[in-house]
*Asks:* 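First, the structure itself, so that you have it in front of you.
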Amino acid sequence: MQLKTFITLIVLLVLLILPVGCATHRVSPYTGDELLDRPGIDLRNIQTLSFTKVKEIIRTERLSFNTLKAKADIRVTTPEINGEFRCNGIVRFQKSGKIRVLGSKLAKTVFDMLSDGEDYWFYLPNEKVVYTGKCNAAKKRDSSVYIFPDDIAALLEYEKLFEGRASYMETEPAFWLVHILGHSGGTIVPYSRLKMDRIDNTVTELTMFNVDSSIRAQASFQDYAIINGQSIPKTIMVHWSDTKTTLTLTLNNIHINEPLKPEIFHFKKPKKSKIIEQ
């Protein structure tokens, strides 16, 4: 019995150490704790919770709505654009993995991004081109597409990150880091990482990784508001490392758990547009 317990402890130790070792040469560690620098922080409010409780909060209490619709102020910065591009838009989201973001300026559609949970489409009317591909593709994405709709949908479904995957937690002075692990070619690799505030239990960052342990996308969540009893981030910023692109959605007129028409998430090929498979 003692030998069995010793072997179990060794296996658990290897699982905890291995993914960190795989990621450290590509991912910069957290060296500061900016939460402690915020004015008015009362350190007496910092909570001490078990990993089981933290994971339960993330999976069952954070973003536990089925649909979301909102208007948005949209900002995009990318090498594809000279400077920063701003426009208005609408956002529609439905579990599982369905999202539609329409950007418009001067009453004209400037982009239309859509994911139905299986495939994604990114339509640029001015260029008459539609980029499309499979969601959660294992391969690294083509950098000619600088925004990925399925990554945006994944930001709003924390519980899916844990499905069939191991995880562990690091405790820092004012936040928890929850590491979720995946597998690639029989090797344990980082899949995603959540940063959660130890004062109000809000998720402030989400990092998603490629199969080679490099960072695919990093998101930050700010300006939480209570909508129908749910805590919703009003500002979502997503940065794709490979394309050096940052998308910022500042949501307003937010509604959750209202029925959405199924056709919202059905892609219709625009006329005279080129389809580029990724």
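A quick note: this is a predicted structure, and the numbers were derived from the prediction, not measured.
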*Asks:* Are any of the side-chain heavy atoms of D151 and W240 separated by less than 4.5 Å?
*Replies:*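 When only atoms from C-beta onward are counted, W240 and D151 do touch, with a gap below 4.5 Å.
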
*Asks:* Just verifying a value: how many Å separate N228 CG and H255 NE2, rounded to the nearest 0.5 Å?
*Replies:*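 Going from CG on N228 over to NE2 on H255, the span is 9.0 Å.
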
*Asks:* Please find the pair of heavy atoms, one from R100 and one from E263, that lie closest to each other, and give the distance.
*Replies:* NH1-O, 4.5 Å

*Asks:* Are the side chain of T67 and the backbone of E258 linked by a donor-acceptor contact shorter than 3.5 Å?
*Replies:* yes

*Asks:* Return the minimal non-hydrogen interatomic distance between K95 and F65, and the atom names on each side.
*Replies:* CE-O, 2.8 Å

*Asks:* Could you check whether atom NZ of K128 has more than 12 heavy atoms from other residues, nucleotides or ligands sitting under 6.0 Å from it?
*Replies:*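 Incorrect, the count does not exceed 12.
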
*Asks:* Between the main-chain N or O of I199 and the side-chain N or O of Q47, is there a donor-acceptor pair closer than 3.5 Å?
*Replies:* yes

*Asks:* Do the side chain of S184 and the main chain of D212 share a donor and acceptor less than 3.5 angstrom apart?
*Replies:* no

*Asks:* Looking at every non-hydrogen atom in both residues, tell me the closest pair between A153 and F93 and how far apart they are.
*Replies:* O-CE1, 3.8 Å

*Asks:* Please name the pair of heavy atoms, one in I74 and one in V101, separated by the smallest distance, quoted to 0.1 Å.
*Replies:* CD1-CG1, 4.1 Å

*Asks:* Donor-acceptor pair, H239 side chain versus T245 backbone, under 3.5 Å?
*Replies:* yes

*Asks:* So among I180, L177, L181, which one has a side chain to side chain contact (heavy atoms under 4.5 Å, CB included) with Y168?
*Replies:* L181

*Asks:* Rounded at 0.5 Å granularity, tell me how far NZ in K268 sits from CG in D112.
*Replies:*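 So the gap between those two atoms works out to 11.5 Å.
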
*Asks:* Hey, could you give me the OG/CG distance between S231 and N201, rounded to the nearest 0.5 Å?
*Replies:*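 CG of N201 is found 9.5 Å from OG of S231.
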
*Asks:* With a 3.5 Å distance limit and no angle check, can you tell me whether Y224 reaches the backbone of V203 through a side-chain donor-acceptor pair?
*Replies:* yes

*Asks:* Side chains of T204 and D197: is there a donor and an acceptor less than 3.5 Å apart?
*Replies:* no

*Asks:* After noting the C-alpha distance and the side-chain angles of L155 and M208, does the key distance pass the side-chain contact (heavy atoms from CB on, under 4.5 Å) rule?
*Replies:* CA-CA 9 Å; L155 302 177; M208 294 181 284; 3.9 Å; yes

*Asks:* What is the minimum heavy-atom distance between R92 and F265, and which atoms define it?
*Replies:* O-CE2, 3.6 Å

*Asks:* Rounded to the nearest 0.5 Å, what separates atom CZ in F221 from atom CG in L249?
*Replies:*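 One finds 10.5 Å between CZ of F221 and CG of L249.
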
*Asks:* Using a cut-off of 6.0 Å, state whether more than 12 heavy atoms not belonging to L106 lie near its atom CG.
*Replies:* no

